[in-house]
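Numbers restart at 1 for each chain; the letters A, B, ... are given by sequence-line order, proteins then strands.
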Amino acid sequence: MENNLTIYNTLSRKKEKFEPINPPFVGMYVCGPTVYGDSHLGHARPAITFDLLFRYLKYTGYKVRYVRNITDVGHLVNDADAGEDKIAKKAKLDQVEPMEIVQKYTNSYHKNMEQLNTLPPSIEPHASGHIIEQAEMVEEIIKNGFAYEVNGSVYFDVAKYSETNNYGKLSGRVLEDLQNNTRELAGQSDKKNSFDFALWKKAEPEHIMRWPSKWSDGFPGWHLECSVMSTKYLGDKFDIHGGGLDLQFPHHECEIAQSKAAKGEDAVKYWMHNNLITIDGQKMSKSLGNFITLDEMFSGENKLLEQAYSPMIVRFFILQAHYRSTLDFSNKALQASEKGYKRLMTAIKTLNNLKASNESSIEVRGLKEKFFNALNDDLNTPILIAHLFDGVKMINLINSGDETISKDDLAFMQKLYNDVVFEILGLKDEEGAGNNDEKLSEVIELLLKLRAEAKKNKDFATSDKIRDELKEFFF
RNA sequence: GGUCACGUGGCCGAGUGGCUUAGGCAACGGUCUGCAACACCGUGUACAGCGGUUCGAAUCCGCUCGUGACCUCCA
């Protein structure tokens, strides 16, 4: 499969040519959500970034298996050693079964992701469905001498691992620094070193989510599920592992260590990290409480929001920034995206109705190369979108009669825009007030037709009435 | 405190040595329109500060200031 894609590999801190291990197949694993709350704007970013990559690789012709997990075994609320299960905590509050929480928020995550027009992953494994495999990996790691058991819990021995491996190579951390800087946690710790991390945790009596194992009734460590489920479905070596920048350390660093300790070789070829969405320059996150849920974005029901922003506006907003840059949320920025997005959609409609001439007075073929060069440069969607607007200008000039386009060139443009905007960028036209009620939009069409007729007959009273009343209903 | 990023015009946001006046939004001027909205065309302002390297730096190096991320569950 031919491609000129380069992607930034966090491991090497450089852009590298993308060469699959096993073409035409591509294996891609992305860290999914912990399902204990509504998904927020921050969740949209990796979902859209890697949806774009998924779409583009498929468009190029690769057979892509995209795995994105659901974390539902409940990780700890606060610190590693003496916390409460996050999901169990929420369950107690709501007086429901933990798995009910899991189901509820998995459903809402799916709904939001569909609204954002992200394609469902090929496989969406749940951590709770892979307890046995996780226990097996713990055993492998113990057998290979990189883990130790204390009081029913099993910890990864980072110091031992570091004798023969470079712990910290992904995040650029140095073990000595970690030793000096890791905060002393309150309470006793069974760990040999503060930087060791749990592979299996013995559950305290009040801990609801628990599974039996040879070490204790407990639950798997937080980094283990990704190591296990990625290699289970993509093989011991696979192409791409993605996730948010905040997962780089310790989560992904630990994954690397676990996989290497268990299998003897690195599992991942390209590590990709999307940057965070900020609000007033600060990271938007659950712990800071400054997040806006996607449902709120779409409905406008949040104090920070001046209006509702439809899923495609959010998608376009995110695509207008490069995935490795921070993206600052503001109403102004969203509103700008809304206008830009509508302008693009209008132009595409115009393009589809354009009349061809005998020959083209402008050069349109060069656009394609510009579009794909941008995409190939580490998915530089802001540049791609800038070039899309170059084409928008051409389309409008042709439409106004200032330029002409040949039949072949027109067909070329139509296919190009359709492929790039809808298939690859995953945008879609949301006309009809975001309602997919076809009957309703037909009725509106009818009203608009009536208004046009009234205007034609200089019956402005009627036409203005239709306009104003429709406005009342937000159209 | 340690490690690592970043600082571009009114706002968002690309660009990493020499014509990209990137692009979007806003602003301004115009076209269209019964008025308006929409749509379309055209126009301006920039590279945090200081110093250095270079024929030439927004782009490389150093320092200063500012902001942020990670070091603890987090996308």
task: Look at A:Thr346 and B:C38 and indicate whether a side-chain polar atom (N or O) is within less than 4.0 Å of OP1 or OP2.
output: no
message: A:Phe371: which residues meet the ring pair (Phe, Tyr, Trp, His ring centres under 6.0 Å) condition with it, sequence neighbours left out?
response: A:Tyr417
- prompt: Given the C1' atoms of B:C65 and B:C73, what is the spacing between them in whole Å?
  reply: 34 Å
message: Under 4.0 Å, heavy atoms only, any strand: does A:Asp402 hit a base, just the sugar-phosphate, or nothing?
response: nothing
message: For the P atoms, the ones on B:C28 and on B:A36, what distance do you get once it is rounded to whole angstrom?
response: 15 Å
- prompt: Does NZ or CZ of A:Arg173 fall inside the cone over A:Phe249's six-membered ring, less than 6.0 Å from its centre and within 45° of the axis?
  reply: yes
Pairwise side-chain contact, A:Arg55 with A:Asp51, heavy-atom cut-off 4.5 Å (strictly under): yes
statement: Dot-bracket assigned to RNA chain B with the 3.5 Å Watson-Crick/G-U criterion, [ ] for crossing and | for other-strand pairs, is (((((((..(((.(...[.)..))).(((((.......)))))....(((((..]....))))))))))))....
- prompt: Distance only, no hydrogens: is a donor on one side chain within 3.5 Å (strictly under) of an acceptor on the other, for A:His130 and A:Tyr233?
  reply: yes
- request: Using the P atom as the reference point in each nucleotide, state the distance between B:C11 and B:A39 in Å, no decimals.
  value: 24 Å
message: If I pick the C1' atom on B:G24 and the same atom on B:U8, what distance separates them, to the nearest angstrom?
response: 15 Å
task: Round to a whole Å and report the spacing from CD1 of A:Ile313 to C1' of B:C25.
output: 13 Å
task: With C1' as the reference atom in both, quote the distance from B:G56 to B:G17 in angstrom, rounded to an integer.
output: 8 Å
C1'-based separation of B:A5 from B:U16 [nearest Å]: 16 Å
